[in-house]
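Structure first, then comments.
What you are looking at is a predicted structure, and each value in this text was computed from that prediction instead of being measured. Lettering of chains follows the sequences in order, A, B, ..., and the numbering in each one begins at 1. All values below were derived from every heavy atom in this structure, side-chain atoms included, with hydrogens, water molecules and symmetry-related copies excluded.
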Amino acid sequence: ETGVTQSPTHLIKTRGQQVTLRCSSQSGHNTVSWYQQALGQGPQFIFQYYREEENGRGNFPPRFSGLQFPNYSSELNVNALELDDSALYLCASSLQVGGEETQYFGPGTRLLVL
Amino acid sequence: GDSVTQMEGPVTLSEEAFLTINCTYTATGYPSLFWYVQYPGEGLQLLLKATKADDKGSNKGFEATYRKETTSFHLEKGSVQVSDSAVYFCALTNQAGTALIFGKGTTLSVSS
């Protein structure tokens, strides 16, 4: 039990639609990261937010965007969904202190795009 | 760029067998190294970590040693159980310290 929760657990959308995924971090954690895990692959880094500002981004297009809120919750938004966006989306929270942080993952949201 | 290479799976073992899952990495600087485990239908759980060369991470009977000279972080367990069946991911922090870079994962299946 990592104290990180995500909603919804499963979601089905059609191509071209928009989706919002939500994450609630461990209390006190000031950093949240989002990852995409395609079937049979390792997670790929989408972006990280630190104190409500984007703090790093992976190789994902601008239609992937995010928000982090003061109450330790965050959102991942994906516009203009494509079939290849079907994946497990994981959020991870951490406490950034002195450059060393361990990321704790939520159970994920499984997105299917038809 | 930074990357992680894990041995291909699946790894199939009998209960109480010795486990090794190989992991090598390519990185600039001195990343922290991690093993995460993913049980079916679940997210990732941190298994162990090491933050500098020659550190040994350990948890629940699993161990891995940060070997800078061979750029490796192999996962070992002396006696596996059926409950260890899962997918194991080796990962490192990127140079900026903002992201984890994962290997493709190794599936372990333990039978009684």
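Hydrophobic clustering places Ile101(B) together with Leu75(B) (ILVMFWY residues linked when any side-chain heavy atoms are closer than 4.5 Å, directly or through intermediates). The hydrophobic cluster containing Leu46(B) does not contain Tyr66(B), counting ILVMFWY residues as joined when their side-chain heavy atoms lie under 4.5 angstrom apart, directly or transitively. In this structure, Leu48(B) is a member of the same hydrophobic cluster as Val4(B), with clusters built from ILVMFWY side-chain heavy atoms closer than 4.5 Å. Connection of Leu33(B) to Leu19(B) is established within a shared hydrophobic cluster, with ILVMFWY side chains joined at heavy-atom distances below 4.5 Å, either directly or through further cluster members. Linking Ile, Leu, Val, Met, Phe, Trp and Tyr residues whenever their side-chain heavy atoms come within less than 4.5 Å leaves Val87(B) and Met7(B) in two separate clusters.
Qualifying ring pair (Phe, Tyr, Trp, His ring centres under 6.0 Å) partners for Tyr72(A), counting only residues two or more places apart in sequence or in other chains: none.
Counting heavy-atom pairs closer than 4.5 Å to chain B, the top-ranked of the candidates Gln103(A), Gln41(A), Arg110(A) is Gln103(A).
With a 4.5 Å cut-off on side-chain heavy atoms, Gln38(B) and Leu88(A) count as touching. A heavy-atom distance below 4.5 Å is not found between the side chains of Tyr50(A) and Thr98(B).
When heavy atoms are compared at a cutoff of 4.5 Å, Ala96(B) does not approach chain A at all. For chain B, the nearby part of Gln37(A) is the side chain; its heavy atoms alone come within less than 4.5 Å.
Of residues 102-112 of chain B, those residues lying under 4.5 Å from chain A by any heavy-atom pair are Phe102(B), Gly103(B), Lys104(B).
Counted within 6.0 Å of CD on Glu53(A), heavy atoms from surrounding residues, nucleotides or ligands total 12 or fewer; the atom is thus considered open. Heavy-atom neighbours of Arg63(A) CZ from other residues, nucleotides or ligands within 6.0 Å: above the threshold of 12.
Under a 4.5 Å side-chain heavy-atom cut-off, the cluster of Ile, Leu, Val, Met, Phe, Trp and Tyr residues that includes Leu111(A) is completed by Leu11(A), Val19(A), Leu21(A), Val32(A), Trp34(A), Ile46(A), Phe47(A), Tyr49(A), Phe60(A), Phe64(A), Leu76(A), Val78(A), Leu81(A), Leu83(A), Tyr89(A), Val113(A).
For the atom pair Thr102(A) OG1 and Leu100(B) CG, the distance stands at 9.0 Å (nearest 0.5 Å).
Here the rule is ring pair (Phe, Tyr, Trp, His ring centres under 6.0 Å) with Phe105(A), and of Tyr36(B), Phe34(B), Tyr39(B) only Tyr36(B) fits it.
The ring-ring contact (aromatic ring centres under 6.0 Å, His included) analysis of residues 82-101 of chain B, with sequence neighbours excluded, yields the pairs Phe62(B)-Tyr88(B).
Checked by atom type and distance alone, the side chain of Tyr104(A) never pairs as donor or acceptor with a backbone atom of Leu44(B) at under 3.5 Å.
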